Amino acid sequence: MSNLQTIDKQYVANTYARFPVEIVSGKGSVLVDTDGKEYIDMGSGIAVTSFGQGDNVWLKAVTEQLGKVQHTSNLYYTEPCAKLAQLLCEKTGMKKVFFGNSGAEANECAIKVARKYAQDKKGKEYSTIITLENSFHGRTLTTLSATGQEHYHELFNPLTPGFVHTPANDFAALQELALKEKTAGIMMEIVQGEGGVIALDADFVKAVAAFCKKEDIVLVIDEVQTGNGRTGTMYAYMHYGIEPDVVTTAKGLGGGLPIGAALLGEKVESVLGFGDHGSTFGGNPVCCAGAVSIVERLNEDFLNAVKAKSEKIFTALQGASGVKSVSGLGLMIGIETEKSAKDIVAACMENGVLCLTAKTKVRLLPPLNIPDNLLDKAIEIIKTACAV
Ligand SMILES: *Cc1c(COP(=O)(O)O)cnc(C)c1O
């Protein structure tokens, strides 16, 4: 084991089982380790580096901002923060944006908004947030409570009260639960990412959206992983033509810098007032400048290219040897394989491709602009690793 790995193991909290690879640099969709070995990046640091490593436009935006001012707090106006909020609203029809630093914080904001809206309007007892079984909403205690997977819960009781879970794609069950509880909000991912890259049924999503509208329940769509072009639309909810009240996002928004955002729709745009919520680092000008350079480029042509790359992967892998099924949307893809996902990821790494897992599946989240020649090469290596 290298010196670096020994130090890391001794001093960094043991929360991650790292692969024995030390990444030292990267450009575009290629990462390089200490031995100079190159890897095609099919994970993007878990859907974060939307345009790959060191993308020139992103790099220029970030370094130019770094040279001007790196942090001001939210006591003053800065251009990147205002500009990013405007861009996000113009691209979605949402009305206002709260900036934090991560997906979990974006969801915390959404939960606070849903509760405050319901309590202002319907009464103090309206606090329940409904989420789906097999969901993932973050690691803070409250977003962990929102997460509908028991194994994340059991070590950290007591959890934040007021969260109940219901099966995905069962609208009757959701409706019954929502009417039984004093429901403030319903939160869900359009494609359950950590849960195994599973897209919700369109009918279910539409029924939940219509129900929320009718009952004046705050609909929160967690687009932390699915957002910012990842599924071939600006946000994944756009595939289904619904209008959420809150959209949360993070991962790919900053192109590699930490940023989270809660986009607030018309119904809830005025729920938060002065002092109701805050974040010291939220709206950081460097992170926002990077994000502007990403979001500005998510136009129709670019999104069509994402869809084409997605189709290429689906076509190549569906029915391939050792592949049981391929799920997901856009460049967020889960592969159910005959061999164990862990073994496939290890074989791919050996052959110069970095993939992820989600539950028992191999998960692919390549940079949105991965060049076709690299994508073809990665697909061949993945196919070989899956083959039985
Ligand atoms: C990753 C993720 C989160 C948590 O984001 P962090 O930035 O790790 O806090 C929340 N929701 C979904 C759907 C995610 O994929």
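Both counts, for ligands and for their atoms, begin at 1 and track the order of listing. Since the structure is predicted, the reported quantities are computational estimates derived from the model, not experimental observations.
- Classification of the His277-Phe98 ring pair by plane angle, with boundaries at 30° and 60°, yields tilted.
- Remark: ligand 1 atoms within the under-4.0 Å shell around heavy atoms of Glu189 are 13 (C).
- When only interatomic distances are considered, the shortest N/O to N/O separation between Glu105 and ligand 1 does not fall below 3.5 Å.
- The aromatic ring centroids of Tyr117 and Tyr126 lie 6.0 Å or more from each other.
- Look at Glu243 and Lys213 and you find a salt bridge, because one of the NZ, NE, NH1 or NH2 atoms lies within 4.0 Å of a carboxylate O, short of that distance.
- Of the heavy atoms in Asn107, only side-chain atoms (C-beta onward) come closer than 4.0 Å to ligand 1.
- Atom 5 (O) of ligand 1 has its closest protein heavy atom at Gly103 CA, 3.3 Å.
- In this structure, the separation between CG on Asp41 and CG on Leu354 is 6.0 Å, given to the nearest 0.5 Å.
- Counting heavy atoms closer than 4.0 Å to ligand 1, residue His137 contributes backbone atoms (N, CA, C, O) but none from C-beta onward.
- Among the candidates Ile130, Leu132, Ile111, Leu219, the single residue satisfying the side-chain contact (heavy atoms from CB on, under 4.5 Å) test with Met187 is Ile111.
- Considering backbone and side-chain atoms alike, Gln225 places an N or O below 3.5 Å from some N or O of ligand 1.
- Looking only at protein heavy atoms, the nearest one to atom 11 (N) of ligand 1 is Asp222 OD2, 2.8 Å.
- Ion pairing between a basic and an acidic side chain is recognised when a charged N comes within 4.0 Å of a carboxylate O; Asp55 and Lys60 show no such pairing.
- Each of Leu84, Val57, Asn56 was compared with Ser293 under the side-chain contact (heavy atoms from CB on, under 4.5 Å) criterion, and only Val57 meets it.
- Proximity of atom 15 (O) of ligand 1 to the protein is indicated by at least one non-hydrogen atom lying closer than 4.0 angstrom.
- If you number the atoms of ligand 1 from 1 as listed, the ones under 4.0 Å from a heavy atom of Lys251 come out as 1 (C), 2 (C), 3 (C), 14 (C), 15 (O).
- Using a 4.0 Å cut-off to heavy atoms of Ser102, the atoms of ligand 1 that qualify are 7 (O), 9 (O).
- You'll find the ring centres of Phe302 and Phe51 inside the 6.0 Å limit.
- The shortest N or O to N or O distance between Ala104 and ligand 1 is under 3.5 Å.
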